[in-house]
Amino acid sequence: MQTKILLPEDRIPKQWYNIIPDMPGPLAPVIHPGTLQPVTPDDLLPIFPMALIEQEVSTQRWIEIPEPVREIYRLWRPAPLYRAHRLEKALGTPARIYYKYEGGSPAGSHKPNTAIPQAYYNKAAGTRRIATETGAGQWGTSMALACQMFGLECTVYMVKVSFGQKPYRKSMMELWGAEVLPSPSNRTNAGRAILARDPQNQGSLGIAISEAVEDAATRDDTRYALGSVLNHVCLHQTVIGLEAKEQMALVGDYPDVVIGCHGGGSNFAGIGFPFVADKANGKQVRIVAVEPTSCPTLTKGVYAFDYGDTAKMAPIAKMYTLGHDFMPPGIHAGGLRYHGASPLVSQLVHAGVVEAKAVAQTACFEAAILFARTEAIIPAPESSHAIRGAIEEALQAKEEGKERTILFNLSGHGHVDMAAYDAYFSGQLEDFEYPAEAIKESLAHLPKVTF
Ligand SMILES: *Cc1c(COP(=O)(O)O)cnc(C)c1O
């Protein structure tokens with residue numbers, strides 16, 4: 001009864017899988033927030049190095065992973081694939097459940113898979129300093145780590161509510177050499193404007209993005225890095241699904257359903273996109289994104305052009321959105337509180353190639369606790385959405401008396417997020433139904449773009 005399915009280090013993928021040539025139809029253009037015209041590479045150069053801008057629009061199906069990036073990947077990759085024997089038994093399901101575990105990275109999540117190449121390409125382009133934002137702190141820790149590996153300075157704008165809730169993530173960033181500021185901060189025009197209107201503002205990912213983009217755009221030595229949503233981020237994360245596919249082949253299995261939790265879409269893209277390629281070639285496989293009911297971008301948002309950030313400084317993209325000024329409630333899965341979604345994932349959902357569903361916070365914690373008590377790993381609150389999705393599939397298989405092979409991505413562990421579990425055990429965790437009125441209000445403010 002094999003439990004861990006492992007690959008040797010020389011099986012770390014040598015190329016990332018770029019889904020762009022396999023998309024159902026052309027990509028919508030990305031729009032400049034000032035001119036409302038399609039952005040050009042020159043518009044993006046103050047913010048990103050050319051190599052990443054090229055990856056953003058590349059039509060090459062396979063993109064080589066630079067050797068210095070693979071060398072750092074070796075610290076935790078290939079990541080193990082587990083067969084969840086004990087969870088299956090507890091559920092009494094005929095389904096076979098596999099999970100890819102991305103919590104073994106130094107930062108404890110999938111995010112270093114893209115932080116490392118982003119730091120590498122910046123270093124190669126002469127960048128000295130990175131400005132970025134972080135919600136719950138996982139991206140900030142990953143970028144701090146990556147900057148440390150490549151000798152870059154790093155400033156992180158951390159959403160203020162998380163700055164208070166998750167102090168140890170701040171310690172991790174500082175340990176890896178980064179400067180951490182609660183956002184909204186006094187460091188930027190965007191931050192100062194919000195504080196002038198609302199001194200108690202607890203921040204949001206959209207506000208923090210505005211601050212980091214402004215910081216990068218106004219300093220010659222500094223560029224910006226984003227931890228999700230963008231095409232190049234989804235590209236880098238495909239190491240997850242590429243490895244998983246090979247690991248499943250080692251035990252002679254293939255998933256009927258592939259599941260990932262969905263915040264901005266990157267870990268979902270990572271596990272899912274390599275299987276979308278198979279689906280395009282006629283394989284029967286369902287690919288499901290699971291999001292919180294409190295921030296239901298894919299299931300209750302609209303597919304439209306919207307700003308990537310609150311201050312309307314970041315480019316406008318066609319994506320599922322709840323509106324750029326939507327303020328999601330302070331739920332514990334902080335990594336899933338973004339108003340928008342990856343344009344690639346959005347287009348796939350819109351075309352019906354991938355499915356989306358929303359689950360409530362307490363149901364996710366129940367799933368996380370069952371998982372920790374059977375499989376032993378303590379999941380990140382974000383990852384618990386994928387676990388919930390997998391358990392629902394397994395229980396459905398049981399009800400139908402059918403076999404089913406389920407693969408999900410366990411995007412990270414919850415070791416630095418135990419306050420979320422404390423809140424659950426002390427009965428303080430509530431479910432938030434999606435605030436329909438708030439979404440309606442925000443959707444009235446979408447930019448008028450017609451491309
Ligand atoms: C950031 C994060 C997520 C959500 O981000 P995506 O870009 O949607 O993947 C999910 N799980 C963990 C552990 C995270 O840190």
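Taking the ring centroids of H324 and Y307, they lie under the 6.0 Å cut-off. Within the 6.0 Å centre-distance limit, the rings of F371 and Y99 are counted as a close aromatic pair. Taking the six-membered ring for Trp, Y121 and H232 have ring centres at least 6.0 Å apart.
The side-chain contact (heavy atoms from CB on, under 4.5 Å) search around E54 returns M50, not counting sequence neighbours.
Listed here is the closest heavy atom pair of A360 and T293: CA-OG1, 3.5 Å. What you find for G203 and V159 is that their closest heavy atoms are C-CG1, 3.6 Å. Nearest heavy atoms, A225 versus W139: O-NE1, 3.6 Å. Heavy-atom minimum distance, T238 versus A269: CG2-O, 4.4 Å. Counting all heavy atoms, side chain and backbone alike, L145 lies closest to P106 at CD2-CB, 3.9 Å.
Of the charged side-chain nitrogens involved, none lies within less than 4.0 Å of a carboxylate oxygen, so that K14 and E64 do not count as a salt-bridged pair. Residues D306 and K318 are not paired through a salt bridge, judged by the lack of any N-O separation under 4.0 Å between the basic side chain and the carboxylate. Of the charged side-chain nitrogens involved, at least one lies within less than 4.0 Å of a carboxylate oxygen, so that D417 and K166 count as a salt-bridged pair. Under a 4.0 Å N-O distance rule, the pair E243/R11 does not qualify as a salt bridge. Using a 4.0 Å cut-off between charged nitrogen and carboxylate oxygen, K357 and E291 do not count as a salt-bridge pair.
Heavy atoms from other residues, nucleotides or ligands lying under 6.0 Å from OH of Y168 number 12 at most. No more than 12 heavy-atom neighbours from other residues, nucleotides or ligands sit within 6.0 angstrom of CD on E403. No more than 12 heavy atoms of other residues, nucleotides or ligands sit less than 6.0 Å from atom CZ of R86. For Q284, the CD atom counts as loosely surrounded, since its 6.0 Å shell holds 12 or fewer non-hydrogen atoms of other residues, nucleotides or ligands.
Without hydrogens or angle criteria, T405 side chain to P255 main chain gives no donor-acceptor distance under 3.5 Å. Formation of a donor-acceptor pair under 3.5 Å by the S162 side chain with backbone atoms of G135 is found in this model. Here the side chain of K279 pairs a donor or acceptor atom with the backbone of V285 at under 3.5 angstrom. In this structure a side-chain-to-backbone donor-acceptor pair under 3.5 Å is present from E375 to L87. A donor-acceptor contact shorter than 3.5 Å links the side chain of H385 to the backbone of E382. Judged by distance alone, with hydrogens and angles left aside, the side-chain atoms of R388 form a donor-acceptor pair with the main-chain N or O of A363 at under 3.5 Å.
For R169 and T141, the side-chain atoms include no donor-acceptor pair closer than 3.5 Å. Side-chain contact check for N113 and Q237: at least one donor-acceptor pair (N or O, by modelled atom type) lies under 3.5 Å. E133 and Y224 form a side-chain donor-acceptor contact under 3.5 Å, judged by distance and modelled atom types alone. For the residue pair K402/Q396, the side-chain donor-acceptor check at 3.5 Å is not satisfied. For the 3.5 Å distance criterion, the side chains of T310 and D325 fail to qualify, holding no donor opposite an acceptor.
Residue S411 is tested with S266, S109, C261 for a side-chain contact (heavy atoms from CB on, under 4.5 Å); the sole match is C261. Results of the salt bridge (Lys or Arg N to Asp or Glu O under 4.0 Å) test with R77 over E102, E71, E9 single out E102 as the only residue that passes.
Every pair passing ring pair (Phe, Tyr, Trp, His ring centres under 6.0 Å) that includes a residue from residues 264-283 is listed here, sequence neighbours excluded: Y254-F275.
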Donor-acceptor pairs under 3.5 Å, side chain of residues 78-85 to any protein atom, not counting sequence neighbours: which ones?
| from | atom 1 | to | atom 2 | distance (Å) |
| --- | --- | --- | --- | --- |
| R83 | NE | E88 | OE2 | 2.7 |
| R83 | NH2 | E88 | OE1 | 3.0 |
| H85 | NE2 | Q2 | O | 2.7 |

